[in-house]
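Here's the structure we're looking at; comments come further down.
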Amino acid sequence: MQDCVFCKIIAGEIPSKFVDETEHSVAFYDISPRQPIHVLVVPKKHHTDVAQLSYADPAALVDLVQLGSKIASEQSTGSFRLTFNTGAEAGQTVFHAHGHITSTTPKEPIAK
Ligand code: 5GP
Ligand code: ZN
(Lines give C-alpha, C1' and ligand atoms only; values in the text may rest on other atoms or scores of the structure.)
(Ligands and ions follow the chains in the order given, each with its own letter.)
Protein backbone atom coordinates (compact mmCIF):
# COMPACT_ATOMS: atom_id res chain seq x y z
CA MET A 1 0.00 0.00 0.00
CA GLN A 2 1.24 3.46 -0.90
CA ASP A 3 2.76 5.48 1.97
CA CYS A 4 2.79 2.53 4.38
CA VAL A 5 6.17 2.34 6.10
CA PHE A 6 5.96 -1.41 6.72
CA CYS A 7 4.94 -2.15 3.09
CA LYS A 8 8.02 -0.14 2.07
CA ILE A 9 10.24 -2.15 4.44
CA ILE A 10 8.79 -5.41 3.06
CA ALA A 11 9.42 -4.17 -0.50
CA GLY A 12 13.03 -3.28 0.42
CA GLU A 13 12.44 0.42 -0.24
CA ILE A 14 13.27 1.38 3.38
CA PRO A 15 16.13 -0.41 5.22
CA SER A 16 15.49 -2.39 8.38
CA LYS A 17 17.39 -4.84 10.56
CA PHE A 18 15.98 -8.13 9.26
CA VAL A 19 15.45 -10.98 11.75
CA ASP A 20 13.55 -13.78 9.99
CA GLU A 21 10.69 -14.50 7.60
CA THR A 22 8.18 -17.11 6.48
CA GLU A 23 5.92 -17.31 3.44
CA HIS A 24 3.39 -14.97 5.12
CA SER A 25 5.35 -12.92 7.65
CA VAL A 26 8.53 -10.94 8.16
CA ALA A 27 10.31 -9.93 11.36
CA PHE A 28 12.67 -7.00 11.89
CA TYR A 29 13.98 -5.05 14.87
CA ASP A 30 11.96 -2.07 16.07
CA ILE A 31 13.74 1.18 15.17
CA SER A 32 13.37 2.47 18.74
CA PRO A 33 13.50 -0.56 21.04
CA ARG A 34 11.76 -0.21 24.41
CA GLN A 35 13.00 -3.53 25.84
CA PRO A 36 16.31 -5.47 25.55
CA ILE A 37 14.57 -7.53 22.85
CA HIS A 38 12.07 -5.68 20.65
CA VAL A 39 11.18 -7.31 17.34
CA LEU A 40 8.20 -6.52 15.10
CA VAL A 41 6.37 -9.39 13.37
CA VAL A 42 4.42 -8.22 10.34
CA PRO A 43 2.21 -9.88 7.68
CA LYS A 44 3.66 -9.47 4.19
CA LYS A 45 0.23 -8.39 2.88
CA HIS A 46 -1.18 -5.07 4.05
CA HIS A 47 -3.92 -5.25 6.71
CA THR A 48 -4.75 -2.27 8.91
CA ASP A 49 -4.57 -3.99 12.28
CA VAL A 50 -4.61 -7.40 13.94
CA ALA A 51 -8.42 -7.50 14.15
CA GLN A 52 -8.73 -6.97 10.39
CA LEU A 53 -5.97 -9.52 9.80
CA SER A 54 -7.76 -12.11 11.94
CA TYR A 55 -10.89 -11.91 9.78
CA ALA A 56 -9.19 -11.50 6.40
CA ASP A 57 -6.42 -14.08 6.75
CA PRO A 58 -6.47 -16.15 9.96
CA ALA A 59 -3.71 -18.46 8.67
CA ALA A 60 -1.41 -15.45 8.26
CA LEU A 61 -2.12 -14.41 11.88
CA VAL A 62 -1.25 -17.88 13.16
CA ASP A 63 1.91 -17.80 11.05
CA LEU A 64 2.84 -14.40 12.53
CA VAL A 65 2.36 -15.67 16.11
CA GLN A 66 4.42 -18.78 15.36
CA LEU A 67 7.24 -16.72 13.84
CA GLY A 68 7.24 -14.40 16.86
CA SER A 69 7.31 -17.35 19.27
CA LYS A 70 10.22 -18.92 17.38
CA ILE A 71 12.22 -15.69 17.54
CA ALA A 72 11.42 -15.29 21.23
CA SER A 73 12.61 -18.83 21.95
CA GLU A 74 15.81 -18.18 20.00
CA GLN A 75 16.62 -14.80 21.52
CA SER A 76 15.19 -14.90 25.04
CA THR A 77 15.02 -17.30 27.94
CA GLY A 78 11.47 -18.07 26.79
CA SER A 79 9.43 -15.41 28.59
CA PHE A 80 8.14 -12.69 26.29
CA ARG A 81 5.23 -10.40 25.48
CA LEU A 82 3.36 -10.29 22.20
CA THR A 83 1.48 -6.98 21.96
CA PHE A 84 -0.84 -5.68 19.26
CA ASN A 85 -1.74 -2.03 19.67
CA THR A 86 -5.06 -1.69 17.86
CA GLY A 87 -6.40 1.78 17.07
CA ALA A 88 -4.81 5.21 17.50
CA GLU A 89 -6.18 5.68 21.02
CA ALA A 90 -4.52 2.40 22.06
CA GLY A 91 -1.16 3.66 20.79
CA GLN A 92 -1.14 2.24 17.26
CA THR A 93 1.00 4.53 15.09
CA VAL A 94 1.68 2.32 12.05
CA PHE A 95 -1.53 1.12 10.41
CA HIS A 96 -0.13 -2.10 8.98
CA ALA A 97 -0.87 -4.98 11.37
CA HIS A 98 2.12 -5.90 13.53
CA GLY A 99 2.92 -7.63 16.78
CA HIS A 100 5.60 -6.41 19.17
CA ILE A 101 7.74 -9.25 20.54
CA THR A 102 9.40 -7.86 23.67
CA SER A 103 11.44 -9.52 26.36
CA THR A 104 13.51 -8.34 29.30
CA THR A 105 15.45 -11.63 29.48
CA PRO A 106 17.77 -12.11 26.50
CA LYS A 107 19.45 -15.51 26.19
CA GLU A 108 22.79 -13.92 25.24
CA PRO A 109 24.18 -10.59 26.47
CA ILE A 110 23.21 -7.87 23.96
CA ALA A 111 26.23 -6.80 21.87
CA LYS A 112 26.87 -3.06 22.19
P1 5GP B 1 2.69 0.85 17.13
O2 5GP B 1 2.89 2.10 17.93
O3 5GP B 1 1.94 1.14 15.85
O4 5GP B 1 2.14 -0.32 17.90
O5 5GP B 1 4.16 0.38 16.71
C6 5GP B 1 4.85 0.87 15.63
C7 5GP B 1 6.30 0.58 15.89
O8 5GP B 1 7.00 0.71 14.66
C9 5GP B 1 6.96 1.54 16.87
O10 5GP B 1 7.45 0.79 17.99
C11 5GP B 1 8.07 2.21 16.07
O12 5GP B 1 9.25 2.40 16.81
C13 5GP B 1 8.27 1.25 14.91
N14 5GP B 1 8.68 1.88 13.68
C15 5GP B 1 8.16 3.00 13.09
N16 5GP B 1 8.79 3.28 11.94
C17 5GP B 1 9.74 2.31 11.78
C18 5GP B 1 10.72 2.06 10.78
O19 5GP B 1 10.86 2.80 9.79
N20 5GP B 1 11.52 0.98 10.96
C21 5GP B 1 11.41 0.15 12.06
N22 5GP B 1 12.26 -0.89 12.14
N23 5GP B 1 10.48 0.35 13.02
C24 5GP B 1 9.67 1.42 12.89
ZN1 ZN C 1 1.35 -1.81 4.68
Side-chain angles (χ1 to χ4, degrees):
M1 182 187 250
Q2 235 181 349
D3 289 333
C4 169
V5 66
F6 289 174
C7 282
K8 287 181 178 168
I9 287 174
I10 292 160
E13 293 166 14
I14 293 177
S16 69
K17 283 173 72 181
F18 175 84
V19 178
D20 202 351
E21 68 178 329
T22 64
E23 182 189 347
H24 296 291
S25 312
V26 62
F28 48 88
Y29 288 103
D30 197 290
I31 203 165
S32 52
R34 292 181 285 286
Q35 295 288 339
I37 296 170
H38 191 165
V39 174
L40 300 173
V41 280
V42 176
K44 288 183 176 174
K45 290 191 183 153
H46 184 92
H47 298 280
T48 305
D49 57 38
V50 69
Q52 202 208 14
L53 174 64
S54 75
Y55 290 113
D57 196 345
L61 176 57
V62 170
D63 181 83
L64 184 151
V65 173
Q66 290 176 342
L67 178 62
S69 304
K70 173 175 173 259
I71 293 164
S73 69
E74 288 167 352
Q75 296 200 8
S76 78
T77 57
S79 295
F80 68 97
R81 285 186 176 165
L82 173 51
T83 312
F84 295 94
N85 295 328
T86 307
E89 285 154 346
Q92 187 176 3
T93 58
V94 176
F95 292 88
H96 179 131
H98 56 280
H100 297 255
I101 298 282
T102 55
S103 175
T104 57
T105 53
K107 201 178 266 181
E108 309 284 347
I110 303 276
K112 296 281 178 198

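Order of listing sets the numbers, starting from 1, for every ligand and every atom in it. In this chain, residues are counted from 1 in sequence order.
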#### Entry: Note: Lys44-Glu23 ion pair, threshold 4.0 Å (strictly below)
no
### Query
How about His98 and Phe6: are their ring centres within less than 6.0 Å of each other?
yes
### Task
Show the numbers, then the answer: is there a side-chain contact (heavy atoms from CB on, under 4.5 Å) between Gln35 and Ile37?
CA-CA 5 Å; Gln35 295 288 339; Ile37 296 170; 5.8 Å; no
### Task
Identify, by name, the N, O or S atom of His96 lying closest to the Zn ion (ligand 2).
ND1
### Query
With distance as the sole criterion, is a donor-acceptor pair present between the side chains of His96 and His47 under 3.5 Å?
no
### Task
Determine yes or no for a side-chain-to-main-chain donor-acceptor pair under 3.5 angstrom, with Glu74 supplying the side chain and Lys107 the backbone.
no
#### Entry: Angle in degrees, rounded to 10°, that SG of Cys7 and SG of Cys4 form at the Zn ion (ligand 2)
120°
### Message
Within 45 degrees of the ring normal and closer than 6.0 Å to the centroid, is that where the cationic atom of Lys17 sits relative to Tyr29?
### Response
yes
### Task
Salt-bridge test for Lys70 and Asp20: reply yes if a basic N is under 4.0 Å from a carboxylate O, no otherwise.
yes
Give every pair made of an N or O atom of ligand 1 and a protein N or O atom lying under 3.5 Å apart, one pair per line with both atom names and the distance to 0.1 Å, or write 'none'.
unit_1	atom_1	unit_2	atom_2	d
ligand 1	2 (O)	Gly91	O	2.9
ligand 1	2 (O)	Thr93	N	3.4
ligand 1	2 (O)	Thr93	OG1	2.9
ligand 1	3 (O)	Thr93	N	2.7
ligand 1	3 (O)	Thr93	OG1	3.2
ligand 1	3 (O)	Val94	N	3.0
ligand 1	3 (O)	His98	NE2	3.1
ligand 1	4 (O)	Asn85	ND2	2.8
ligand 1	4 (O)	His98	NE2	3.0
ligand 1	4 (O)	His100	NE2	2.8
ligand 1	5 (O)	His98	NE2	3.0
ligand 1	5 (O)	His100	NE2	3.2
ligand 1	10 (O)	Asp30	OD1	3.3
ligand 1	10 (O)	Asp30	OD2	2.5
ligand 1	10 (O)	Arg34	NH1	3.3
ligand 1	10 (O)	Arg34	NH2	2.7
ligand 1	12 (O)	Asp30	OD1	2.6
ligand 1	12 (O)	Ser32	OG	3.1
ligand 1	22 (N)	Tyr29	O	2.9
ligand 1	22 (N)	Ile31	N	3.4
ligand 1	23 (N)	Ile31	N	3.2

### Query
Which of the N/O/S atoms in His46 sits closest to the Zn ion (ligand 2)?
ND1
### Task
Could you confirm whether His47 has any N/O/S atom lying under 2.8 Å from the Zn ion (ligand 2)?
no
### Task
For Arg34 and His38, work out which heavy atoms get closest and say how close.
N-ND1, 3.1 Å
